[in-house]
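One structure is given here, and the rest of the page talks about it.
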Amino acid sequence: NYLNGLHDTVAWAAEGRTAVFDYDYYTEGVGKQGRLKSITQRIDGIDLQRVGYDYYQVGDHGEAGDLKEVVVQDWKVGSSAWVTIRRTIYRYYKVDEPGGFPHGLKMVIGPDGCRRLQAAGLDPFGITDAVMLGYSDFLFEYDDQRRVTMEKVHGGSQTIRYDYVENADKPPFSEVNTWATKTTETRADGNQIVVYSNRGGKPILHMLKKVSDGAIWADYREYNDNYQTVLMASPAAVKSVTEPVGDSGDLVVVLNDSSGLVRRFEYNIKGSAAEGYVKAGLAQPGKATDQAITTTSYRYGTHGAGNSK
């Protein structure tokens, strides 16, 4: 059911029992009015669990309307009271704050961190970011394009960095197998995950690089003009990878002649009954198409809509 365009109640019944989720919304308050306040689950009219949502109005850790915390509670019949079982707290960047942008998620403090805050007797909304970091699950920093550039995890004990490169040649959407963006994730141990994607955001190459000796494990994909995957090569099938220098040049991936798993996909041709749908999946060693075997094939039926036959 809906009330004023918002979810009011979701309910169903089966085998003589009923289950209901009731939605409640804030009716007033800057940054709160009209926003979800709680969802309560009831079975056969008996309270079972409730999730409550609170939002920043004014304060040091978020702009008005930013999600402040989520509290999950169980109903205890014996005491006739709601008992909190877990809690998650969020902090955000404010106007002109370095490292982010207004409403940008800064910090997530999960249930374990919240329990440790409570045990330490700390007010989660009164302590500084420097203190809160030790209890957090995630801390994020962003660049001027609102992309994450740094992530701290596990109470700030590990740092992950992200770098972005755009192809200076600016390939169009039609060049589905040409790299347009490169994203590098540098992990806390120094090893890297490098992803090259096409203009549509589809990954062409996903590569784990071991910095100490230069070893790589690369997954490679190719697409057709409809951005459908036509080839997937496992790391064992990738013979070599030549990366572009800086923001220009070609990404060249060479596959083994006859070793390593390569999967290919065929699609129903234009004008067929199931045009565009996958027709078959094949597997082959390396580039050896003459050794390909069909692993999966698909057939499609027809069905009507409404009263049509």
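Basis for what follows: all heavy atoms, side chains included, without hydrogens, waters or symmetry-related copies. For clarity, every value in this text was computed on a predicted model and none was experimentally measured. For the single chain, residues carry numbers from 1 onward in sequence order.
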What's the verdict on side chain to side chain contact (heavy atoms under 4.5 Å, CB included) for E63 and Y93, showing C-alpha distance, side-chain angles and the deciding distance?
CA-CA 8 Å; E63 300 285 356; Y93 286 94; over 6 Å; no

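- Ring-plane geometry between Y142 and F140 is classed as tilted, the angle between the planes lying from 30 to 60 degrees on a 0 to 90 degree scale.
- To the nearest 0.5 Å, atom CG of residue N177 and atom CZ of residue R221 are 12.0 Å apart.
- Atoms CD1 and CG, on I160 and L139 in that order, are 11.5 Å from each other to the nearest 0.5 Å.
- Within the cation-pi definition used here (under 6.0 Å to the ring centroid, within 45° of the axis), R199 qualifies as a partner of F173.
- Atom OH of Y277 sits in a sparse spot, with 12 or fewer heavy atoms from other residues, nucleotides or ligands closer than 6.0 Å.
- T88 places no side-chain N or O within donor-acceptor distance of the main-chain N or O of V70, the cut-off being under 3.5 Å.
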V241 vs L205, test: side chain to side chain contact (heavy atoms under 4.5 Å, CB included). Steps then yes/no.
CA-CA 9 Å; V241 173; L205 185 71; 3.8 Å; yes

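- A ring pair (Phe, Tyr, Trp, His ring centres under 6.0 Å) check over residues 186-206, counting only residues at least two apart or in different chains, returns the pairs W179-Y196.
- Below 30°, between 30° and 60°, or above 60°: for Y300 and Y298 the angle between ring planes is below 30°, a parallel geometry.
- The environment of CD in E28 is sparse: at most 12 heavy-atom neighbours from other residues, nucleotides or ligands sit within 6.0 Å.
- Distance OH/Y26 to OG/S38: 8.0 Å, rounded to 0.5 Å.
- Proximity of M132 to M107: side-chain heavy atoms (C-beta onward) are separated by under 4.5 Å at one or more points.
- Listed for the Q33 side chain is no donor-acceptor partner under 3.5 Å among the backbone atoms of G29.
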Do Y25 and H7 pass the side chain to side chain contact (heavy atoms under 4.5 Å, CB included) test, and can you show the C-alpha distance, the side-chain angles, and the key distance before you say yes or no?
CA-CA 10 Å; Y25 299 85; H7 263 304; 3.6 Å; yes

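- In this structure, the side chains of I109 and L117 come closer than 4.5 Å at one or more pairs of heavy atoms.
- Residue R86 places its CZ atom among 12 or fewer non-hydrogen atoms of other residues, nucleotides or ligands, all under 6.0 Å distant.
- At a threshold of 4.5 Å between non-hydrogen side-chain atoms, the residues I39 and F21 count as touching.
- Taking a 6.0 Å sphere around CZ of R116, one finds it holds more than 12 heavy atoms contributed by other residues, nucleotides or ligands.
- Open room surrounds CG on D96; 12 or fewer heavy atoms of other groups in view lie less than 6.0 Å from it.
- Rounding to the nearest 0.5 Å gives a distance of 12.0 Å between CD1 of I46 and CD of Q41.
- In this structure a side-chain-to-backbone donor-acceptor pair under 3.5 Å is present from D44 to T18.
- In the displayed structure, E97 atom CD is contacted under 6.0 Å by more than 12 heavy atoms of other residues, nucleotides or ligands.
- Side chains of Y223 and V230 form no contact here, defined as non-hydrogen atoms less than 4.5 Å apart.
- If you take CZ on R50 and NZ on K37, they are separated by 9.0 Å, rounding to the nearest 0.5 Å.
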Run the numbers on K106 and E141 for salt bridge (Lys or Arg N to Asp or Glu O under 4.0 Å), then give the verdict.
CA-CA 7 Å; K106 178 195 289 183; E141 290 186 0; over 6 Å; no

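- Panel note: side chain Y267, backbone T229; a donor-acceptor pair is recorded below 3.5 Å.
- Side-chain contact check for E275 and N268: no donor-acceptor pair (N or O, by modelled atom type) lies under 3.5 Å.
- Judged by the 6.0 Å distance and 45° axis criteria, K152 is not positioned over the aromatic ring of F138.
- No side-chain donor from either of T289 and Q284 sits under 3.5 Å from a side-chain acceptor of the other.
- Residue R263 places its CZ atom among 12 or fewer non-hydrogen atoms of other residues, nucleotides or ligands, all under 6.0 Å distant.
- With values rounded to the nearest 0.5 angstrom, R264 atom CZ is found 10.5 Å from E222 atom CD.
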Could you walk me through whether E243 and K182 pass the salt bridge (Lys or Arg N to Asp or Glu O under 4.0 Å) check?
CA-CA 10 Å; E243 297 185 71; K182 173 188 177 183; 3.7 Å; yes

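- Judged by distance alone, the side chain of S234 and the main-chain N or O of L261 form a donor-acceptor pair under 3.5 Å.
- Scanning both residues, K94 and G62, for their nearest heavy atoms gives NZ-O, 3.3 Å.
- Using a distance-only test at 3.5 Å, with no hydrogens or angles considered, no donor-acceptor pair links the side chain of Y164 to the main chain of T149.
- A donor-acceptor pair under 3.5 Å links the side-chain atoms of D137 to the main chain of G110, judged by distance alone.
- Of the possible polar contacts, one joining the N256 side chain to the A236 backbone as a donor-acceptor pair under 3.5 Å is found.
- Contact check for Y56 versus R91: side-chain heavy atoms found under the 4.5 Å cut-off.
- Under the 4.5 angstrom side-chain criterion for Ile, Leu, Val, Met, Phe, Trp and Tyr, V95 has no cluster partners at all.
- Judged by distance alone, the side chain of D189 and the main-chain N or O of N191 form a donor-acceptor pair under 3.5 Å.
- Taking a 4.5 Å side-chain heavy-atom cut-off between Ile, Leu, Val, Met, Phe, Trp and Tyr, the cluster of W82 extends to W75, V77.
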Assess the residue pair D54 and K32 against the criterion (salt bridge (Lys or Arg N to Asp or Glu O under 4.0 Å)); give the C-alpha distance rounded to whole Å, side-chain angles, the decisive distance to 0.1 Å, and a yes or no.
CA-CA 8 Å; D54 196 10; K32 292 188 176 185; 2.9 Å; yes

After noting the C-alpha distance and the side-chain angles of N226 and N224, does the key distance pass the side chain to side chain donor-acceptor pair (under 3.5 Å) rule?
CA-CA 5 Å; N226 295 319; N224 63 18; 4.6 Å; no

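- Ring geometry for Y90 versus Y92: interplanar angle of 30 to 60°, hence tilted.
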Working note: E151 + T159, criterion side chain to side chain contact (heavy atoms under 4.5 Å, CB included); need CA distance, chi angles, decisive distance, verdict.
CA-CA 6 Å; E151 174 186 7; T159 300; over 6 Å; no

